[in-house]
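Report on the following structure.
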Amino acid sequence: MSRYWSAVVHGLTPYVPGEQPKLDNFVKLNTNEHPYGPSPLALEAIRAVTGATLRLYPDPNAEALKAALAGYHGLRADQVFVGNGSDEVLAHAFLALLKQEQPLWFPDITYSFYPVYCGLYGIRSETVPLAGDYSIRTEDYLPGPGRRPGGIIFPNPNAPTGRLMPLADVERVVAANPEVVVVVDEAYVDFGGDSAIPLVDQYPNLLVVQTFSKSRSLAGLRVGFALGHPTLIEALERVKNSFNSYPLDRLAIAGAVASVQDEAHFQACRRKVMATRETLVTGLSGLGFEVLPSAANFIFVRHSTRDAAELALALRQRAIIVRHFRLPRIDQFLRITVGTDEQCSSLVDALAEILGS
Ligand code: PMP
């Protein structure tokens, strides 16, 4: 607190990211990173960037990356927006599209950055409770008499639950709300969901947001993107160009373009994560954990008798980090990132030991 702060700063509740430990002797299963690393072609492209080009500003419009993403998803470049991680893309969407007179709707249990952006930009919001099985109830997002949102946002699969909304239900929500923008945050969709991208041409109120941080294993490069109708993209560009002209540096643009071009690496790595997830689910179910159905690169689990915070602490003492949220309704869950087979079996062995003791 300081008298020098702008008034708005006093009222902020900033997002708290998962721990990034300074030492690397941990089995780190707490921030949903991908265990296998990016495409070698991406690393090569980053290495090929020279001092002569780094001397110069990057392309403010990242046209090469927009063209690569448009080509990959069968869209035009004017339907693509890129930013410094999908967090930045989401932030711009909140300001550009979701700040309306009516409240923004999102689930009560979801990505905890959404209420933070609402606080930052002064956006009214209304949280919609998940069903008892922690799924998003599609019906709750259909407007009715006296119930109308100013916009809608949800992750699909949802975070931190991992639960997927079938694409037909996503379409129902988008089709039922033609007056407002529906943002589908698909950070984890490549691990088992059907993307809403094929609906973009049909629905001018749909914005799909994705990231290179998860399925493309480039969390450290900070690249995210949005796909939608050119007028939605224009709104994002207007905000971006009122904030930072060069959100993507030359290394990020080069690495991301090459990543999009390496389909074989992308497919092989995401399949491996999905296979490991199934083994992990079997292992933890065998130890008495309830595991919510996951279409993401993490699982959300609770034990029938043991306290989640105590389990997280006992794992940490064994150099394994998972994420525990001290939040209503989910404080008995642990969110566990799907790592390599070896990391996941270390986790299962450690939990077996903890539970046996
Ligand atoms: N959306 C969701 C649901 C997430 O969990 C995350 C990761 N914290 C993001 C968006 C942001 O990811 P990034 O900024 O790395 O693209």
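Read the numbers this way: they start at 1 and go in the same order the structure lists the ligands and their atoms.
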*Apply ring pair (Phe, Tyr, Trp, His ring centres under 6.0 Å) to Phe94 and Tyr121, showing your working.*
CA-CA 8 Å; Phe94 272 69; Tyr121 294 126; 7.5 Å; no
*Report, as yes or no, whether the 6.0 Å neighbourhood of atom CD on Glu342 holds more than 12 heavy atoms from other residues, nucleotides or ligands.*
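Open.
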Give me the pairs of N or O atoms, one from ligand 1 and one from the protein, that sit under 3.5 Å apart.
residue	atom	partner	partner atom	Å
ligand 1	1 (N)	Asp185	OD1	3.2
ligand 1	1 (N)	Asp185	OD2	2.7
ligand 1	5 (O)	Tyr188	OH	2.7
ligand 1	8 (N)	Tyr111	OH	3.1
ligand 1	12 (O)	Ser86	OG	3.3
ligand 1	14 (O)	Ser86	N	3.3
ligand 1	14 (O)	Asp87	N	3.0
ligand 1	14 (O)	Asp87	OD2	3.4
ligand 1	14 (O)	Arg222	NH2	2.7
ligand 1	15 (O)	Ser213	OG	2.6
ligand 1	15 (O)	Arg222	NH1	2.8
ligand 1	15 (O)	Arg222	NH2	3.4
ligand 1	16 (O)	Ser86	N	2.7
ligand 1	16 (O)	Ser86	OG	2.6
ligand 1	16 (O)	Thr211	OG1	2.6
ligand 1	16 (O)	Ser213	OG	3.4

*Cluster partners of Val16, using ILVMFWY side-chain heavy atoms under 4.5 angstrom, listed by chain and number?*
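Taking Ile, Leu, Val, Met, Phe, Trp and Tyr as members, Val16 stands alone, with no cluster partners.
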*Can you name the residues that form a side chain to side chain contact (heavy atoms under 4.5 Å, CB included) with Glu19, not counting sequence neighbours?*
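Applying side chain to side chain contact (heavy atoms under 4.5 Å, CB included) to Glu19 gives Pro21, Asn30, Arg316, Ile321.
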_Residues forming a side chain to side chain contact (heavy atoms under 4.5 Å, CB included) with His229, sequence neighbours excluded_ =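 His229: side chain to side chain contact (heavy atoms under 4.5 Å, CB included) contacts with Pro204, Thr231, Leu232.
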*Thinking salt bridges, do Arg172 and Glu139 make one under a 4.0 Å N-O criterion?*
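A salt bridge links Arg172 with Glu139.
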